[in-house]
Amino acid sequence: MSASTASPAATTPARAPKVETPWRRFVSEFCESKLALAGLIVFAIIVFIAIFAPWLSPQNPYDLAQLDIMDGRLEPGARDGADTMTYWLGTDDQGRDMLSGIMYGLRISLLVGAGSAIIACAVGASLGLLAAYAGGRTDTVIMRLVDLQLSFPTILAALMILAFLGKGIFNVVIALVIVEWAYYARTVRGTALVERRREYIEAAQCLALPTRRVIFRHLLPNCLPPLIVVATMQIARAIALEATLSFLGLGVPITEPSLGLLISNGYEYMLSGKYWISFYPGIALLITIVSINLVGDQMRDVLNPRLKK
Amino acid sequence: MMISMRAAAMAAVSAFGLSLAAPVASAQNLTMAVGAQVTSLDPHYHALSPNLAVATMLFDTLTAFDAEARVEPGLAESWRVVEPTVWEFKLRPGVKFHNGNAFTAEDVAFTIARVPTVPNSPSSYAIYTRAIERVEIVDPLTVRLHTRTPYPVLPNDLGQVAILDKETHEGASTEDFNSGKVAVGTGPFRYVNFRSGDRLELERNDAYWGDKPHWAKVSYRILPNDASRTAALLAGDVDFIDQVPTSDLASLRRSDKVHLAEKDGLRIIFLALDHQHPEGSPQIADAEGKPLGKNPLHDLRVRRALSIAIDRPAIASRVMEGTSMPSGQFLPPTAFGAIPDLAAPKTDPDAAKKLLAEAGYPNGFRITLSGPNDRYMNDARIVQAIGQMWTRIGVRTQVDAQPWTTFIGRAGRQELSAFLVGWGSSSGEASNPLRSLVAGFDRDKGFGTSNRGRYSNPEVDAKLEAALRELDDTKREALLRDATRLAMEDVAIIPIHIQKNLWAMRPTLRHDSRADELTRAQDVRPAPAQPAAR
Amino acid sequence: MAVYLLRRLLQSALVMLAMSVIVFIGVYAIGDPVEILISPDADQMERERAIKALGLDLPLWQQYLSFLANALRGDLGRSFVFNEPALQLILQRMPATLELAFGAMFIALLIGLPLGLYAGLKPHSAGAKVVMAGSILGFSLPTFWVGLMLIMVFAVQLGWLPSTGRGPTVEVLGLRWSFLTWDGLRHLAMPALNLALFKISLVIRLTRAGVRETMLMDYVKFARAKGLSPARVTYVHVFKNILIPVVTVVGLELGSTIAFSVVTESVFAWPGMGKLIIDSINVLDRPVIVAYLMIIVLMFITINLLVDLAYSALDPRVRLENK
């Protein structure tokens, strides 16, 4: 996710030593941290599982014909009624194989989390930069929009989208973007306001460089560190927020559960000791988010122009 | 983290092995937690069963319902039909309001006059008094109610209407009730304090005319989150909860630290079908997803196939964990107007497939089955389970569960092809569901208000209309049974099951559970002679 | 300065106006409150009466105009459900939410700042890695799930804290506060911690990122070279500089905590505004939703204004636009 917004910084020519390509330097610096590398590998595996879930999973958990409520809430390791397969991680209340459910759920959660974060980040960061750089009336309009947006309850936004567009994964992404972009805008503007007064921007302006170039080549890279902090957290937050929307009955369709929906379904069974319904999706969610953050943290350090020795 | 999550999960399990930790409330105090919001203490402001539960603690009604939802005397000791349109009620003597005022016929007349005039009411109790044309005060303890037409269910309707004091409540506003200023009735409990959305505090009315409740002080807390409510009971913060989620049942049943009470209810969970749209139902397409050009639900064979495809016993045992009774009609077989020998349709997927083929759908079709996900016990789970069963007979079902807020509007605008809803019969007899759910939609008669699939069958309507005029109980019951049988044979709706109501409490308590779902402090009492409790 | 404030005030009014329009249209699109509020037994006549009684029979624009006219006189309408002035309902619930939000922010800063500072000053120590890994937990698990676990462990199993609800209150300044009693604090502890989890992580990460960056700045190097004590460098030079992003985010988070502690409030049955708004949204109680959002917009505008003012106070390089 961060890679897309990060590339301008990596390619800033002034900072790249001549022999190395910027990309190679980025890779070698990234690999300095073993932990981050491990995170990257885990994340790659997760993405692989998510993409190839239909071929990897023992069951298609979204096909109602393959589910049987008579197999509902079976413990991990139980066999199904017809004795044809083993539910290694148990089943949920509908008789859905948890392992398959988690694999498919990963797809939805990653799609929703990363999708909404990328879009919200792109929209929010651009508007934030614009507000800080242009100032005046543009700033006012954008920032009041932010005010409006921040005051709008996620639940109401989600309900309204549900009423206008109906239920669906894409509509959840829209709801999350609408909710999240303002955070990026606010964060980026705060940093950009400080940066734009700095000498290098004034120098760039004096050289009469085009505005777009000043914003994206000079201002943006220097606003990146806080942006990446926010972005890596927001992916996690978007996934958790989707879980909360599911908890409130506003999330993805119940027959195509995300990790969040699996957790919130299983939540109701926690008191009766059927822990596996929300425990294993929770672990999957945790691993995903930890790996994203390990990668994000290292990326922020590598890309931060001010941490360069 | 792995360890701590597992530990937490284990904590959840082992919690049942520990005793209820907090100190036991003193023997005279009761803390209850209920799942439904109480919106007003004004008993005539918002007709809703949680409000009625509270109203029947503070106030009384002329007639009342016993635990089986049969009409019994309340503030009226007896009543009789003088003429087809005149009912005479003999009032209970010596009854006093909490402020000492005596209860008389004047108060009945005042109450019936006030009901339709409460300002801004989002749901008026006037529907229960509209049949009354005028009130005639014969003497201080006798009133005659004149109805516009013969109206056999008048005693059932009056069971919803709390009697107020003319002297106290003349000109009283809803806010005056909520602030406690005029929360004065004849009921078994007196008002102490009300914090909207949080709790209601009550104390015993020592001058109560009926059985005095056991509890000197009652705290009636509103705790809508299911898991938190159960946890509050397990933590010992409350003594009693209602609407126990079925997901917690398995372990609560095993636990000797909790006593469970259950009672067969009056709420039918059913599927409504689109009986309109002859040119094609909005959410139905053929097996390839192309429009059908007609509505398959108009074919009785299709409706029957969809009904017998549903494995009701499996839903009752697996989804509801035994807290429902599979049903083939609106009410439990013992209720007035229900058919004693009409069982739930037998599950038969093969016959269902055959019926579909006969109707011209050998490859089935596609349908969207909708339902709420925050309204009835396990509503979204039932819808999913039915989706599985329909898909197995070739009707590829997409399941759409939504919050009630958005769902009910769409259902009311006839945008859905098949959807799950529930109906709790407030009068406890069959004319109520027949009139609302399957009678043809008719504004002037007030028929079919919740007939969202717009089923219409003149034969059913005729039987029902005859029943609604018939004052003779035996004849009326026969007419209601005929109407029910006609509607069920025509698969006007697909009944699934009737819910059981659940309560959980400390093992030292008992509950006289009610079919009508009301949770009230006077129905809770200490367990008789508990041998070495705790 | 005065001109600046006045202009912001005017802009705020416009934002509130826009908000009220959006909410009116949005709630109208979601559904019909009468359908939700009315008794199932009601017939068509009763429905028509209820629609009229709630003023929903008029065209939407007329409903909106009459709302505006009343709002200008300070009347934001009466709740459909409670038949009480919407504003009064919200203000009654406000203290509960305020003490919850400030409790959570307090916990977040108390735990987050020192840990973040430590992780930033000693980024390669094992302790810092533990802190950073731990902070991930704060935002990766859904609030409702953690909330239930807290109840299970601290109320059901250990019996240390009450499971749900708000403790006894004391009246101060005409409002009821529970944090002034011991039992009230015990009731407050779990929901506040639940609400704080995400914010603790946020503060840790922002502080750490800021510290790491600032430590490499020329002026910090210079301050060190000048021979200032490490403590003075850290607490005066570094700390002041990292406060900008922290203040921004904490300010925003405080706002969103006050506005949308919905999940925590419903899991812990905390009778605050969050629970009121979700209940109101569920029954489409439009007067309460509109009034609530107007108050929230006002609050966010104020917070953002304060954040902007704080910027200029903390960092003279930022000047308030005054042209």
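Note: hydrogens, waters and symmetry copies are ignored here, and every other heavy atom, side chains too, is used. Per chain, numbering begins at 1; letters A, B, ... match sequence-line order. This one's a predicted model, so the numbers in the text were calculated from it and none came from an experiment.
A salt bridge links Arg130(B) with Asp43(C): the closest approach of a Lys/Arg side-chain nitrogen to an acidic carboxylate oxygen falls below 4.0 angstrom. Under 4.0 Å is where a charged nitrogen must lie from a carboxylate oxygen, and between Glu35(C) and Arg413(B) no such pair does.
Looking at Thr405(B) and Val283(C), their side chains never come closer than 4.5 Å, going by heavy atoms from C-beta outward. Taking the side chain as every heavy atom from C-beta outward, Phe82(C) and Ser196(B) approach each other to under 4.5 Å. Counting heavy atoms from C-beta on, the side chains of Tyr128(B) and Ser39(C) come closer than 4.5 Å. Two residues are said to be in side-chain contact when any heavy atoms from C-beta on lie closer than 4.5 Å; Pro271(C) and Arg195(B) fail this criterion. At least one side-chain heavy atom of Tyr45(B) sits less than 4.5 Å from a side-chain heavy atom of Asn83(C).
Remark: Tyr64(C) OH is packed, more than 12 non-hydrogen atoms of other residues, nucleotides or ligands lying under 6.0 Å away.
Remark: Thr39(B) OG1 to Asp285(C) CG distance equals 10.0 Å, nearest 0.5 Å. We find the CD1-OG1 distance between Ile38(C) and Thr449(B) to be 9.5 Å, quoted to the nearest 0.5 Å. Considering OG of Ser123(B) and CZ of Arg49(C), their distance stands at 7.5 Å, rounded to 0.5 Å.
Only the backbone of Ile281(C) comes within contact range of chain B, judged by heavy atoms closer than 4.5 Å. If you measure heavy-atom distances from Ser450(B) to chain C, the contacts under 4.5 Å come from the side chain alone. Contacts between Arg221(B) and chain C at a heavy-atom distance below 4.5 Å involve the side chain alone, from C-beta outward. Residue Asp41(C) touches chain B through both its backbone and its side chain, counting heavy-atom pairs closer than 4.5 Å. Proximity to chain C (any heavy atom under 4.5 Å) is shown, for Phe407(B), by neither the backbone nor the side chain. The parts of Leu37(C) that come within reach of chain B are both its backbone and its side chain, each placing non-hydrogen atoms under 4.5 angstrom from that chain. With a 4.5 Å cut-off on non-hydrogen atoms, Leu48(B) touches chain C through its side chain but not through its backbone. Of the atoms belonging to Asn432(B), it is side-chain heavy atoms, and not backbone ones, that fall under 4.5 Å from chain C. Only the side chain of Arg199(B) comes within contact range of chain C, with at least one heavy atom under 4.5 Å from a heavy atom of that chain. Only the side chain of Arg78(C) comes within less than 4.5 Å of a heavy atom of chain B; its backbone N, CA, C and O stay farther away. Using a 4.5 Å cut-off between heavy atoms, Phe80(C) contacts chain B through its backbone alone, with no side-chain atom that close. For Ile30(C), the parts lying near chain B are the backbone and the side chain together; criterion is any non-hydrogen pair under 4.5 Å.
Contacts between residues 86-100 of chain C and chain B, counted as heavy-atom pairs separated by less than 4.5 Å, involve Gln88(C), Arg93(C).
Options Ala47(B), Gly409(B), Ala126(B), Pro122(B) differ in how many heavy-atom pairs under 4.5 Å they form with chain C, and the most are formed by Pro122(B). Among the candidates Ser40(B), Ala232(B), Pro116(B), the residue making the largest number of heavy-atom pairs closer than 4.5 Å to chain C is Ala232(B). The choice from Asp198(B), Ile222(B), Asp442(B), Asn120(B) that makes the most heavy-atom pairs within less than 4.5 Å of chain C is Asn120(B). Between chain B and the residues Arg166(C), Lys52(C), Met45(C), the most heavy-atom pairs under 4.5 angstrom are made by Met45(C). Of the residues considered (Ala33(B), Ser427(B), Ser426(B)), Ser426(B) shows the highest number of contacts with chain C, using heavy-atom pairs under 4.5 Å. With respect to chain C, the highest number of heavy-atom pairs below 4.5 Å among Ser121(B), Pro403(B), Gly448(B) belongs to Ser121(B).
Of all non-hydrogen atoms in Ile151(C) and Ala231(B), the two that sit nearest each other are CG2-CB, 3.5 Å. Gln44(C) approaches Phe447(B) most closely through the heavy-atom pair NE2-O, 2.8 Å.
For the residue pair Asn178(B)/Glu84(C), the side-chain donor-acceptor check at 3.5 Å is satisfied. Side chain to side chain, Asn225(B) and Ser266(C) fail the donor-acceptor criterion of an N or O pair below 3.5 Å.
Although no hydrogens or angles enter the test, the distance criterion places a donor-acceptor pair under 3.5 Å between the side chain of Glu46(C) and the main chain of Ser124(B).
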